[in-house]
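From a predicted model like this one, the values you see are computed outputs, not experimental measurements. Proteins get letters first, then strands, A, B, ... in listed order; numbering begins at 1 in each.
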2 protein chains.
Amino acid sequence: MVPTSSRETAPADAEPRPTLRELASALEGTPAEQGLRERKKRARRGVLIDAAQRLVAEHGLDAVTVEMISAEAGVSPRTFFNYFESKDDAVLGADDTDLSEDVVRTFVDGGPTGRLLTDLQVLVASLLAPHGEAHVRVMRAMDLMQQEPRLLQRHVFWMERHKSRLVELFEARRETTPFNADAEMLTILVVLLIRTSLVAWENAGFTGDPADHLPGAVAQLIDVVARDLES
Amino acid sequence: MVPTSSRETAPADAEPRPTLRELASALEGTPAEQGLRERKKRARRGVLIDAAQRLVAEHGLDAVTVEMISAEAGVSPRTFFNYFESKDDAVLGADDTDLSEDVVRTFVDGGPTGRLLTDLQVLVASLLAPHGEAHVRVMRAMDLMQQEPRLLQRHVFWMERHKSRLVELFEARRETTPFNADAEMLTILVVLLIRTSLVAWENAGFTGDPADHLPGAVAQLIDVVARDLES
DNA sequence: CTAATTATTGCACCCGATGCAAAATTCCAT
DNA sequence: ATGGAATTTTGCATCGGGTGCAATAATTAG
């Protein structure tokens, strides 16, 4: 690792290496939080994501190697894989925020309204909402996804990760508030809502929050189905 | 390549290698079709898929190497990649059937019924239907997908491949028969219908055709939305 | 300041995937 | 059938992603 002077005192290194400055500033971002270890970890993670996104934006996904990203971030290539499972994860800044416990409980107990689709919407909103800090990275990730379709697999990746949890969740709710839909279908429906919201957000020039476009996504879905029913 | 005697006459090789027999029988499957070249290509492809699926079912996805698959199929590893872009493709027996021209034309012209969801259903049906020969391979692929979630990316992969085409299609139809839904959303909706149908087919013990379960998938979707509307 | 915990790094290694050119095979015209 | 054109197979070299392992360095706790 790059030696910051031994105990974090006096970061007076005159070195012009951009990496160091970036890490330093990232370190200042959240100054009074957790131990040094935790802060550095967050900082490095951020630096790696930024490096990955910048390089891919400039050269394209396949032309960028993990070695380049690590170099730009001032870190050993081996360390890269301490932070991400794959190159793509870094480019996407994959955030692994879980569903909050109370949202889950509410949903399982028949959700805020008892109407499945509406309650699903609440669930998805909680997934779309909190990433306040990573906002700008999600934006960049969206842009990159357009140019590098391979990255779209993110949503599937995400789905795989949470599928078992979601399925549990659906089955649990089913007992208190019966419905017919297959759990697998609902899982994809969640992905559909997330993705549609994000795309709408992108099309709106990234104004506001992704979650702001969730009602629109639901409305689209309802529209497609309703038009079929009325005729 | 394994030398079958020089001109395809006299396949009287007494070699007990299972590979050869398998290829030979596969060759007999469609005896009067195309040239020898074309038939061998199909046959080899089939042998490779079978080998891949068998090995993965036995050892798991990560424990199976392209080298093993090629060996089992009696083919050079380099040749493997003449047939598939990736190991996963072989395991899935990725079929790249396009939409037939008339189905496309009908859909673009406002589809059989003019109701978007119903017409989408027709479109999806044409994707689910024809793979008569590969039926059994799709079954195996479904089973493997349960044990190896990585393979789920297939649908995304498929989506990526056809997305531009689908988007064109949707936009073209939009001009003759306006609707509000975003093309991106409809694309995912297609994936949802395909996947849901396949899962339903699997849950039904692979009886009949995947397409048989498409109406059920649509019904589920309608149910979710309609229940939200009525209350 | 020391000892325990945790993170970084280098190294060796495996495998998936691609480009290239030589050898083998199939096709086609005569 | 036979020779040359077109296409496929194959070996070889190479690159890059990703992992296990053990040594080293940094952080933390006492």
Side-chain angles (χ1 to χ4, degrees), chain A residues 1-9 11 19 23 27 33-45 47-48 52 55-56 59-71 73-92 94 148 150-151 153 157, chain B residues 1-9 11 19 23 27 33-45 47-48 52 55-56 59-71 73-92 94 148 150-151 153 157:
Chain A
M1 174 192 170
V2 182
T4 59
S5 43
S6 84
R7 213 167 240 304
E8 192 206 1
T9 60
T19 290
L23 196 156
L27 233 28
E33 207 181 340
Q34 311 266 9
L36 172 60
R37 201 168 249 162
E38 213 54 37
R39 266 184 298 152
K40 270 201 178 172
K41 228 167 147 176
R42 282 184 184 285
R44 259 212 248 282
R45 184 184 164 79
V47 173
L48 279 167
L55 285 171
V56 170
H59 302 110
L61 186 55
D62 290 325
V64 173
T65 71
V66 170
E67 212 176 345
M68 292 186 214
I69 299 173
S70 316
V75 148
S76 138
R78 193 61 187 78
T79 297
F80 176 94
F81 289 105
N82 286 351
Y83 285 86
F84 303 98
E85 289 182 6
S86 71
K87 184 173 71 174
D88 294 5
D89 278 9
V91 175
L92 293 167
E148 308 282 356
R150 223 181 73 198
L151 295 176
Q153 297 184 352
F157 170 81
Chain B
M1 174 196 166
V2 183
T4 59
S5 45
S6 86
R7 213 166 241 303
E8 192 206 1
T9 61
T19 290
L23 196 156
L27 233 29
E33 205 182 340
Q34 311 267 7
L36 172 62
R37 202 169 250 163
E38 212 55 36
R39 265 184 301 153
K40 270 201 177 171
K41 229 166 146 176
R42 282 183 184 286
R44 259 212 250 280
R45 183 184 165 79
V47 172
L48 279 168
L55 286 170
V56 170
H59 301 110
L61 186 54
D62 290 324
V64 172
T65 71
V66 170
E67 210 176 347
M68 294 186 212
I69 300 173
S70 316
V75 147
S76 138
R78 191 62 187 78
T79 298
F80 175 93
F81 289 104
N82 287 350
Y83 286 86
F84 304 97
E85 289 182 5
S86 70
K87 184 173 72 173
D88 294 5
D89 279 8
V91 175
L92 292 166
E148 308 281 356
R150 224 182 72 198
L151 296 177
Q153 298 184 352
F157 171 81

Give the C-alpha distance, both sets of side-chain angles, the deciding distance and a yes or no for side-chain contact (heavy atoms from CB on, under 4.5 Å) between B:Arg45 and B:Phe84.
-> CA-CA 9 Å; B:Arg45 183 184 165 79; B:Phe84 304 97; 3.4 Å; yes
Among C:dT9, C:dT26, C:dT6, which is the nearest nucleotide to the side chain of A:Ser76?
-> C:dT9
Classify the nucleic acid contact of A:Tyr83 as base, sugar-phosphate or nothing, counting any heavy atom under 4.0 Å across all strands shown.
-> sugar-phosphate
Closest of D:dA26, C:dT25, C:dT9 to the A:Val75 side chain is C:dT9
CZ of B:Phe80 versus P of D:dT9: gap in Å, rounded?
-> 13 Å
Any idea which heavy atoms bring B:Arg150 and B:Asp88 closest together, and the distance?
-> NH2-OD1, 2.8 Å
Do you know which two heavy atoms are closest between B:Ser86 and B:Phe81, and how far apart they sit?
-> CA-CE2, 4.4 Å
Out of D:dT10, C:dT6, C:dT26, which nucleotide sits closest to the side chain of B:Lys40?
-> C:dT26
For A:Glu67 against A:Pro77, the heavy-atom pair lying closest together | CG-CG, 4.2 Å
Looking only at heavy atoms, which two atoms of B:Val64 and B:Lys87 are closest? And how far apart?
-> O-NZ, 2.9 Å
Phosphate OP1/OP2 of C:dT8: any A:Arg44 side-chain N/O under 4.0 Å | yes
Nearest-Å distance for atom pair CG/P, residues A:Asn82 and D:dA23 | 18 Å
Rounded to whole angstrom units, what separation is found between the CZ atom of B:Arg39 and the P atom of C:dT25?
-> 17 Å
Check whether any side-chain heavy atom of A:Arg44 lies under 4.5 Å from a side-chain heavy atom of A:Val47, and answer yes or no.
-> no
When every non-hydrogen atom of A:Lys41 is compared with those of A:Tyr83, the smallest separation belongs to O-CE2, 3.5 Å
Once you round it to whole Å, what is the distance between P of C:dT25 and NZ of B:Lys41?
-> 17 Å
Round to a whole Å and report the spacing from CD1 of A:Ile69 to P of D:dG17.
-> 8 Å
Pairs: protein N or O with nucleotides 12-16 of chain C N or O, under 3.5 Å:
{"residue": "C:dG16", "atom": "OP1", "partner": "B:Val64", "partner atom": "O", "Å": "3.4"}
{"residue": "C:dG16", "atom": "OP1", "partner": "B:Lys87", "partner atom": "NZ", "Å": "3.1"}
{"residue": "C:dG16", "atom": "OP2", "partner": "B:Val66", "partner atom": "N", "Å": "3.2"}

Between C:dT25 atom P and B:Glu38 atom CD, what is the distance in whole Å?
-> 19 Å
Can you check the A:Arg37 CZ to C:dT6 P distance for me, whole Å?
-> 7 Å
